[in-house]
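Notes for the one structure printed next.
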There are 2 protein chains.
Amino acid sequence: MKPTPAPVEEGAPPRAPLSGLERSTLRELLIRGPKSRAEIARELGMSRASLTRVTRALIEQGLLADGPVELRGATGRPSEVLRIRPESRKFLGVKLTGDHLFAVVTDLTAQALAEYDEPLASRRVKDAVAQIGAVHERLAEEHPGVAAAGIGLAGDVVSTDKGQTVAQSPFLEWSGVPLAALVSERLGIPATAENDMRALTAAEHWFGVGAGHESMVLVAVGAGIGVGIVVDGKVVTGINGKAGSLEHLPIDPSGPRCERGHRGCAASYLSNAAIVAALRAPGLDYASVLDLARGGDPAAVQAFRDAGHALGVLIATLANTMDPEKIVVTGDGIAVAELARGEIDAAIATYRRHLGVPTPLDIQPFDFAEWARAGAVLAIRDFLHF
Amino acid sequence: MKPTPAPVEEGAPPRAPLSGLERSTLRELLIRGPKSRAEIARELGMSRASLTRVTRALIEQGLLADGPVELRGATGRPSEVLRIRPESRKFLGVKLTGDHLFAVVTDLTAQALAEYDEPLASRRVKDAVAQIGAVHERLAEEHPGVAAAGIGLAGDVVSTDKGQTVAQSPFLEWSGVPLAALVSERLGIPATAENDMRALTAAEHWFGVGAGHESMVLVAVGAGIGVGIVVDGKVVTGINGKAGSLEHLPIDPSGPRCERGHRGCAASYLSNAAIVAALRAPGLDYASVLDLARGGDPAAVQAFRDAGHALGVLIATLANTMDPEKIVVTGDGIAVAELARGEIDAAIATYRRHLGVPTPLDIQPFDFAEWARAGAVLAIRDFLHF
DNA sequence: CGAAGTTAGTTTCACATATTGACAAACTCG
DNA sequence: CGAGTTTGTCAATATGTGAAACTAACTTCG
């Protein structure tokens, strides 16, 4: 039995795994921003003494900085504001599509330090893992000492005894791949994997407009329609890793047919392809239809309005089902929220069961790099065991 | 400040609140049935030593019995099977409707020991609380020493610093009523309150076909359509206590109008009233339409088929959203599942996103007393701090 | 039949983690 | 400047947990 000598990079002391309170403290500071020890203690229901102990350990590990700053309450001794040291840890985030690999290195607060992408050389598991390894090494030249990695991809990812496992991924044609374990072995650091939509949900929940909420719903519109659900501070996965599969929610049985044969489902109105198809004009792509709609072209405007209606029904259904604190809409097809806000709100008003307390709706701009950043957030959450 | 002298009924020693592991152990035995210490230890990821300690405390409190029975594994020392002592605690469950009060006393395993119901004398909060008190005293004659009470009612119930509070209840015309606190004070025992649908979900989750699952969805059909959701072992409440409000899920925008003006929503097909209304024949009630359908009357059969289709769409939508381990259908309108199973399954097949792993579907018979029993389950879960 | 092997349950002890209560520090207010 | 207040720390202490060693109770095999 050889004692694995954890390679101590930088000047950090040997890293004991974070204890429970250490993790909650770090999470509290990450999500809610700088706070004093006393505040955290009240928030977490712990004693101040415990926070002295825990924050000392975190400061020793370089994760926190004891703000030399002082802040004033109304009376009494001013508190020392603790803040995260974002630069203390780095994380690698990866998004895999059927033909491309997007990667990003972030700090502890999920801020991107470096971005990189390249075509996926091969869909074979072995090759993909090797490519992730190569990308890691390439990025490590400038950003050494990445603490953990997270990978997001379309498909069903479930938790098994071999770590997060890709049960099925149509685009990559994978099934039963223990991706987290494979990548971890290749990179020599902890790694995790998750469905890309749930990764994005995790990112928005901790570092986006969902920060500080116990529940939220994220709807991402674009090539497909993705739904991510957070309940009780955790992203809902589903027993088969299929939660949030609402792209074929029935909207109007007399509507157009989607590529899977449903009449008038959400995807048949709302996906980028559906918006393009609604114009029945060959040679158009999403960008040009968007331009047409912005220019006032009636058919294009109508396509976006129909999409907005479908989105509103979807949002209302989710709000009725989960009653979340917040609903966030994002994705590369986010323009629908700008062009058809009226239809969205009208559909919500019609189908929302309880109008007394409208659920806050946030429209978030989207950039494709978000997908890779979401992978890094997976790694951060995993680092904090959340 | 007078020290409330907890009336120690029976020979039980002074009741310290159960510790974390004590609760999980009791829960494990309640939900999964008799087990040995070693089995529980493995299940809960604890050491056998801890189980020795914890079970001793539970046995002293009378909650467990150390099975004198011995059971055989393949080899080694036989294990002593621990079992719950159902008779060790009693719970009061109450269901309030707009004009009636249903009550039940159960044991620790939610088995009914006594049932009772009477008209609600008044909808005023004070009177209702007093009536619950009177019913408690009446039932206490035969079943003294009730440990805790749980009350279910239609409406939004939220958790506040005053305990479970009825934010709004249309039938009772209540709003902002700290019902749990009021009842607890009147009865002198811990009390809790919850939306009736979530209470029923909790009951089915622990003591019904959901037992042992971390996630499930319950659909109750009857006068209305209720949906209860369990994720990660907990019943989803929603920030406003409105989760699961799917009675107006759009099914077909060209369908009949429900009482709230929606065209073709789930309620417009599936509620008992909608099934009766579909026949457009005056003077009929649900029971007679049910008889007609069982007798083969075409219009009645069609009404149930349409209802079955709506139910199938609802189930598929919930399965797509949550990907639960199990879906349970019950309620006093459960006949639809018997008369239109084909339509239900067809709709699920059409709208279910992933057909690879069908979600198990359970049809559960229903008796109105279930509502009150569900209240008792609330009390039991509360007793175990779950 | 008895020794060896296996699993269950118990006991003891050490350890990690949290709280309590006392105390000094750093401020405001009158 | 003292009184009041709140923060952060320290020392002592309580609590819950697992590791390891032990006993108990059974099966199997030579």
Side-chain angles (χ1 to χ4, degrees), chain A residues 1 3 13-29 32 34-61 63-83 384-385, chain B residues 14-29 32-61 63-83 384-385:
Chain A
M1 210 197 304
R15 314 207 167 135
L18 298 176
S19 81
L21 186 49
E22 283 170 352
R23 288 195 297 261
S24 344
T25 303
L26 210 48
R27 174 176 180 269
E28 189 71 16
L29 287 167
R32 317 240 197 196
K35 281 190 175 178
S36 73
R37 291 175 178 79
E39 264 179 298
I40 300 171
R42 278 190 297 265
E43 206 81 42
L44 267 48
M46 312 296 293
S47 68
R48 288 187 319 240
S50 296
L51 262 105
T52 295
R53 178 171 38 80
V54 163
T55 53
R56 177 159 43 222
L58 289 172
I59 290 171
E60 271 168 21
Q61 291 188 52
L63 290 161
L64 292 189
D66 200 346
V69 209
E70 323 235 328
L71 196 83
R72 57 209 63 261
T75 171
R77 170 176 169 174
S79 47
E80 304 170 24
V81 175
L82 296 162
R83 38 166 275 272
L384 295 180
H385 283 87
Chain B
R15 313 202 169 140
L18 298 176
S19 81
L21 187 49
E22 283 169 353
R23 289 196 296 261
S24 341
T25 303
L26 209 48
R27 174 174 179 269
E28 188 72 16
L29 286 167
R32 317 238 195 196
K35 281 189 176 180
S36 72
R37 290 176 179 80
E39 264 181 297
I40 300 171
R42 279 190 295 267
E43 207 79 43
L44 266 48
M46 313 296 293
S47 67
R48 290 194 310 257
S50 296
L51 262 295
T52 294
R53 180 170 32 80
V54 163
T55 53
R56 177 158 43 222
L58 289 172
I59 290 170
E60 272 168 22
Q61 290 188 53
L63 290 162
L64 293 189
D66 200 346
V69 209
E70 321 234 330
L71 197 82
R72 55 207 66 259
T75 171
R77 169 175 171 176
S79 48
E80 303 170 24
V81 175
L82 296 163
R83 39 165 275 271
L384 295 180
H385 284 88

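In what follows, chains carry the letters A, B, and so on, assigned in the order in which the sequence lines appear, proteins first and then strands, with residues in each chain numbered from 1.
Contact annotation: side chain of A:R77 to base of C:dA26, donor-acceptor pair absent below 3.5 Å.
Atom CG of B:L51 is separated from atom C1' of D:dA19 by 16 Å (rounded to the nearest Å). Between the CG atom of B:L18 and the P atom of D:dT15 there is a distance of 16 Å, rounded to whole Å. The distance from atom CG of B:D66 to atom C1' of D:dA24 is 14 Å, rounded to the nearest whole Å. Rounded to whole Å, the distance from CD on A:E22 to P on C:dA16 is 13 Å. Note: CD (B:E80) to P (D:dA24) measures 13 Å, nearest angstrom.
Under the salt bridge (Lys or Arg N to Asp or Glu O under 4.0 Å) criterion, B:R32 pairs with B:E28, sequence neighbours left out.
A close approach under 4.0 Å does occur between a side-chain nitrogen or oxygen of A:R37 and OP1 or OP2 of D:dT9. Contact check, A:R23 against C:dT17: no side-chain N or O comes under 4.0 Å of OP1 or OP2. Residue B:T52 places at least one side-chain N or O closer than 4.0 Å to OP1 or OP2 of C:dT10.
The two atoms that bring B:L384 and B:L26 nearest to each other are CD2-CD2, 3.4 Å, heavy atoms only. Nearest heavy-atom pair, B:L51 versus B:R37, reported as atom, atom and distance to 0.1 Å: CG-O, 3.7 Å. Pairing each heavy atom of B:E22 with each of B:L58, the nearest pair is O-CD1, 3.8 Å.
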I'd like a list of close polar pairs between nucleotides 16-18 of chain D and the protein, N/O only, cut-off under 3.5 Å.
{"from": "D:dG18", "atom 1": "OP2", "to": "B:S47", "atom 2": "N", "distance (Å)": "3.2"}
{"from": "D:dG18", "atom 1": "OP2", "to": "B:S47", "atom 2": "OG", "distance (Å)": "3.0"}
{"from": "D:dG18", "atom 1": "OP2", "to": "B:S50", "atom 2": "OG", "distance (Å)": "2.6"}

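Nearest to the side chain of B:R56, among C:dT11, C:dA8, D:dT9, sits C:dT11.
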Going by atom type alone, with no hydrogens or angles, which donor-acceptor pairs under 3.5 Å involve a side-chain atom of residues 40-49 of chain B and a protein atom two or more places apart or on another chain?
{"from": "B:E43", "atom 1": "OE1", "to": "B:K35", "atom 2": "NZ", "distance (Å)": "3.1"}
{"from": "B:S47", "atom 1": "OG", "to": "B:S50", "atom 2": "N", "distance (Å)": "3.2"}
{"from": "B:S47", "atom 1": "OG", "to": "B:S50", "atom 2": "OG", "distance (Å)": "3.1"}

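For the side-chain contact (heavy atoms from CB on, under 4.5 Å) test with A:T55, the passing option among A:L82, A:L29, A:L21 is A:L82; the others fail.
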